[in-house]
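Below is one structure, written out as structure tokens, with a few remarks after it.
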Amino acid sequence: MKVSRIVVGLSIAVLCACAQTTASWVEEAPSVEDDVARSVEWMDIAPEKIGDPELLCTAGGYLLWVDNDMDRPLSVLYLPTGEISAPLRKGRAGGEVLNIQQILRDVDTVGRFAAVDGFKHRIVCLSADRGTLSREGEYPIDAFSTVTLSGDSVVGLLRDGSARYGIGSLGGSSTAGFGDYSTFGLTNEAGWGLLQGHVVRHPRSERIAWFGYYTAACKIVDFEERKTLCSHLFDLSAFDAHGKLYVTMRPESRVGFIGATACEEGIFALYDGKELSYYMSHRGLKPHGSTICFFTWDGCYAVRLCSDSRIRSIAWNEEQRILYICLLDGDAEYRIGRMALEPSRW
């Protein structure tokens, strides 16, 4: 993404006080797993069925993944039987999707999911039906760039306007906005570009957590009270300082969090940490990480899970208490594994 150079009225010293180098902050939390590939239970899914899954999502007896290069980009595995279906076709026609940028679980209803089409700015809701997912409805979400879903309520990041966060409803014509990017010393115009990322929602409370894609930062917000509970900026490589703070993206800027998934105790966030120059010199290589950072809902960086293999995507199943992980195996094919974890012990 091309981000314009915008002067921000904040001294670089202010942000330096709460920012750290990549190596130091990632290693601050203890490692509870040195190589997840040795610990996962591999699922019996043919690699050609998996493809290159940039997104994972799971709840109840369902596991979903997305490969936008496929004609049917959304795959649905019904775990009790092992049957795989693909309910959405790729295309521009009604009922089709162009590019799925999110797959969501409804935090209020097990077995209800949604696919967010970033090109059409629409959300397609899907409901469980005898081991497959059927279309429930399609709604515009033009005001949002990233959302979470709870019943008919959507909460997430706005794509423009006078606020950072928005609260709306499926099919609703109005959105209530709140918050801004001042915590990071940015105007809304700069924040919309630089501080895009992932938003996840607490399974049982009115909290959301944001994790930055273009910079390693996170923020936890109570959207009912409309207040920030904690905010962290771990990495300044996406910024440039010449007496003032400037927003830039340079070859030495590091990719931040490329995935996030929430449980009752906290958030699993998949961290990349490689410089943009790495991906510029490895054309066609998709973002991947080797560290899963776990944060509690009060913002504490508690533990990390490490991997010698490339991790493409992750998803937590709250009902099963299992973390699903998509990794690249020794044959250069993606496989999906799962680990039973108990985050309450961390």
Side-chain angles (χ1 to χ4, degrees), residues 55-66 74 76 78-79 87-88 95 97 100-118 120-159 161 163-179 197-211 219-227 229 260-268 297 315-321 324:
L55 302 170
L56 281 180
C57 184
T58 179
Y62 295 86
L63 176 67
L64 291 69
W65 64 89
V66 169
L74 176 64
V76 179
Y78 186 49
L79 294 167
L88 299 178
V97 292
I100 300 176
Q101 293 187 351
Q102 287 183 269
I103 39 174
L104 313 171
R105 59 163 292 177
D106 185 333
V107 297
D108 280 351
T109 307
V110 176
R112 185 172 186 250
F113 300 89
V116 178
D117 189 330
K120 290 186 175 182
H121 304 310
R122 301 185 74 81
I123 183 169
V124 180
C125 293
L126 304 158
S127 296
D129 180 20
R130 297 186 296 277
T132 62
L133 295 184
S134 58
R135 293 175 62 91
E136 175 190 306
E138 185 174 327
Y139 309 92
I141 51 167
D142 301 274
F144 293 91
S145 63
T146 310
V147 297
T148 62
L149 178 67
S150 175
D152 289 332
S153 169
V154 289
V155 181
L157 293 179
L158 297 175
R159 66 176 64 254
R164 179 177 187 177
Y165 306 102
I167 303 173
S169 60
L170 294 177
S173 57
S174 62
T175 302
F178 68 98
H198 309 275
V199 178
V200 293
R201 183 167 174 167
H202 190 284
R204 294 179 180 84
S205 74
E206 309 304 303
R207 293 185 179 188
I208 57 172
W210 163 83
F211 285 82
K219 195 167 188 175
I220 297 175
V221 173
D222 183 320
F223 62 85
E224 185 174 47
E225 299 291 332
R226 302 193 180 188
K227 66 180 182 180
L229 302 178
T261 183
C263 65
E264 186 170 359
E265 295 83 1
I267 310 101
F268 297 90
W297 280 103
W316 173 259
N317 190 304
E318 183 72 9
E319 295 74 33
Q320 298 175 355
R321 307 295 288 175
Y324 288 82

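Heavy atoms only: backbone and side chains are in, while hydrogens, waters and symmetry mates are out.
- In this structure, the separation between CD on E138 and CD1 on I141 is 10.5 Å, given to the nearest 0.5 Å.
- Of all non-hydrogen atoms in I103 and L56, the two that sit nearest each other are CD1-C, 3.7 Å.
- The minimum heavy-atom distance between G95 and L88, with the atom names listed, is O-CD2, 4.5 Å.
- Taking both residues in full, the closest heavy atoms of V97 and D117 are given as CA-OD2, 3.2 Å, listed atom of the first, atom of the second, then distance.
- For the pair V66 and Q102, the minimum side-chain heavy-atom distance is 4.5 Å or more.
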*Could you walk me through whether V200 and I208 pass side-chain contact (heavy atoms from CB on, under 4.5 Å), step by step?*
CA-CA 6 Å; V200 293; I208 57 172; over 6 Å; no
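- Remark: E206 does not engage R226 in a salt bridge, criterion side-chain N to carboxylate O under 4.0 Å.
- A salt bridge links E319 with R105: the closest approach of a Lys/Arg side-chain nitrogen to an acidic carboxylate oxygen falls below 4.0 angstrom.
- How far CG of L63 is from SG of C57: 8.5 Å, rounded to the nearest 0.5 Å.
- Here the side chains of L158 and S145 are not in contact, with every heavy-atom distance at 4.5 Å or above.
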*Which is it for Y139 and V154 under the side-chain contact (heavy atoms from CB on, under 4.5 Å) test, yes or no, and what are the steps along the way?*
CA-CA 11 Å; Y139 309 92; V154 289; over 6 Å; no
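- Taking OG1 of T58 as the start and CD of E318 as the end, the distance is 11.0 Å to the nearest 0.5 Å.
- In this structure, the side chains of F113 and L64 come closer than 4.5 Å at one or more pairs of heavy atoms.
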*Kindly determine whether T148 and V107 satisfy side-chain contact (heavy atoms from CB on, under 4.5 Å), including the steps that lead there.*
CA-CA 9 Å; T148 62; V107 297; over 6 Å; no
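- Counting only heavy atoms from C-beta outward, the side chains of I100 and V116 never approach each other to under 4.5 Å.
- Note that CD of E136 is 8.0 Å distant from CG of L170, once rounded to the nearest 0.5 Å.
- The shortest non-hydrogen separation linking G197 to T146 is O-OG1, 3.4 Å.
- Salt bridge absent: E225 and R207 never bring a charged side-chain N and a carboxylate O closer than 4.0 Å.
- Of all non-hydrogen atoms in W297 and R201, the two that sit nearest each other are CH2-C, 3.9 Å.
- Checked against the 6.0 Å centroid criterion, the rings of H198 and W210 do not qualify as a close aromatic pair.
- Put simply, the side chain of R112 reaches to within 4.5 Å of the side chain of C125, judged on heavy atoms.
- Looking at heavy atoms from C-beta onward, L157 lies out of side-chain contact with F144 at the 4.5 angstrom threshold.
- Ring planes of Y62 and Y78: tilted class, angle from 30 to 60°.
- Smallest separation of non-hydrogen atoms from G60 and Q320: O-NE2, 3.1 Å.
- The shortest distance between side-chain heavy atoms of V124 and R135 falls below 4.5 Å.
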*Apply the test side-chain contact (heavy atoms from CB on, under 4.5 Å) to residues V221 and F178: give CA-CA distance (whole Å), side-chain angles for both, the deciding distance (0.1 Å), then the verdict.*
CA-CA 11 Å; V221 173; F178 68 98; 3.8 Å; yes
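- Residues S169 and D152 have side chains that never bring a donor and an acceptor to within less than 3.5 angstrom of each other.
- To the nearest 0.5 Å, the span separating CG on N317 from SG on C263 amounts to 11.5 Å.
- In this structure the side chain of W65 never reaches within 4.5 angstrom of the side chain of L55, judged on heavy atoms.
- Note that NE2 of H121 and CG of D142 are 6.5 Å apart. Values are rounded to the nearest 0.5 Å.
- Of the possible polar contacts, one joining the T132 side chain to the D129 backbone as a donor-acceptor pair under 3.5 Å is found.
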_For a salt bridge (charged side-chain N to carboxylate O under 4.0 Å, His left out) check, start with the C-alpha distance between R321 and E264, then their side-chain angles and the critical distance, and finish with the verdict._
CA-CA 10 Å; R321 307 295 288 175; E264 186 170 359; 5.2 Å; no
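- Put simply, the side chain of D106 gets close to the backbone of G151: a donor and an acceptor are under 3.5 Å apart.
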